[in-house]
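Here the structure comes first, spelled out in structure tokens, and everything after it is commentary.
Treat the numbers as computed from the prediction; the structure is a model and nothing was measured. In what follows, chains carry the letters A, B, and so on, assigned in the order in which the sequence lines appear, proteins first and then strands, with residues in each chain numbered from 1.
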Amino acid sequence: MKKSIIRRYTQTPEIPTASTADVAFLLILFFMVTTVFRATTLHLKINLPKAKSTERILIRRNITHLWIDNNAKVYIDDNLVPKEKVATRILPKIAENPELVTILNIHEDIDYGTVDVVLDQLKEARAFKITFATEFGG
Amino acid sequence: MEFKEKKKRTPNIPTASMGDIAFLIIIFFMTSTVFTREKGIKMLLPERTESEVKVKPENIVSILINPEGALRLKASGYDGYEISPDKYSEVKRIVEEKLLERDTLLVVSLKTSRDAPYKAMVSVLDQIKLCRVTTSDGRELRANKISLVPTSEE
């Protein structure tokens, strides 16, 4: 047998790691850009009612929030709105996005009369898709 | 004169750990992020119509909520059936029974007094939403037709 005289190079295999930082920062930037922050954390005193049939709302984009606090004051996206003027606030939003879901965060001890006025306003604004925000349990 | 050959040193910043740092930041933000989950009871409001929608009285279960949170239920076979605030689960039983009887035609009319607390209305709505029956031919029925009506106390 003839012995090979060609010198074999022992090659150490390498994975190029120079660009991992770029990849990682790209990921950070991607998530930073695509993150949608919840617009509002109001300091309202709202105890949501409890319900066993509470569902998770999976959609995140087509929603708008409406609050009614313990003093029966109505807020839409950070603004205090007279309850008879809810329709005028919701109408432009519906025009922009007919699939809009209004999430009603209503304090549990509010009279139903107030809720009804708001529901009527929503009907007027053709915002038919609503969700009564509730907590799990009951 | 002395000529010393100056060694050219190219300055460099070690970048090997940059990736580690970046991923550390990603993981930090991933773990510290709290997602707000919206949860609630879905409803679809009806359109405002001038003409009244005619529903046969035997297809209606109407539930009246008074300001104290007590209920009065009216349906065929249950005329003025009273339910105290701690027995809301009765609503589920009766609505399920009617649901089997009337199938998809059933309309639940929730008549809440304007002075009743919102939580009473939600509790009853909850009971209606919990209703689920399976028909003899294997379909799952739910009480989908719910109308919310306000009432005034005289």
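- Residues A:Ala24 and B:Gly19 come closest through the heavy atom pair CB-O, 4.4 Å.
- Contacts of B:Met121 with chain A are made by side-chain atoms alone, with heavy-atom separations under 4.5 Å and no backbone atom involved.
- Atom NZ of B:Lys92 and atom CD1 of B:Ile128 lie 12.5 Å apart (nearest 0.5 Å).
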* To do: Show your working on side-chain contact (heavy atoms from CB on, under 4.5 Å) between B:Val91 and B:Ile63 and close with a plain yes or no.
  => CA-CA 9 Å; B:Val91 173; B:Ile63 303 162; 3.8 Å; yes

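- Residues B:Leu64 and A:Leu119 do not share a hydrophobic cluster, defined by chaining ILVMFWY side chains whose heavy atoms lie under 4.5 Å apart.
- Interface remark: of the candidates B:Lys119, B:Met30, B:Lys129, B:Lys39, B:Lys39 forms the most heavy-atom pairs closer than 4.5 Å to chain A.
- Atom CG of residue A:Leu27 and atom CD1 of residue B:Ile25 lie 12.0 Å apart, to the nearest 0.5 angstrom.
- Heavy-atom neighbours of chain B within the stretch residues 105-114 of chain A, taken at a separation under 4.5 angstrom, comprise A:Ile106, A:His107, A:Glu108, A:Asp109, A:Ile110, A:Asp111, A:Tyr112, A:Gly113.
- Under the side chain to side chain contact (heavy atoms under 4.5 Å, CB included) criterion, B:Arg132 pairs with B:Glu140, B:Arg142, sequence neighbours left out.
- For the residue pair A:Ser53 and B:Asp126, a side-chain donor N or O sits within less than 3.5 Å of a side-chain acceptor on the partner.
- Residue with the most contacts toward chain B among A:Ile68, A:Asp120, A:Leu122: A:Asp120 (heavy-atom pairs, distance under 4.5 Å).
- Of all heavy-atom pairs between A:Lys123 and A:Phe128, the closest is O-CE2, 3.9 Å.
- With sequence neighbours excluded, the residues forming a side chain to side chain contact (heavy atoms under 4.5 Å, CB included) with B:Val133 are B:Glu96, B:Leu99, B:Leu100, B:Leu141, listed by chain and number.
- Of residues 87-94 of chain A, no residue lies under 4.5 Å from chain B by any heavy-atom pair.
- Distance check: B:Ile21 CD1 to B:Ile26 CD1 gives 12.5 Å after rounding to the nearest 0.5 Å.
- No hydrogens or angles considered: nothing links the side chains of B:Ser113 and B:Thr151 as a donor-acceptor pair under 3.5 Å.
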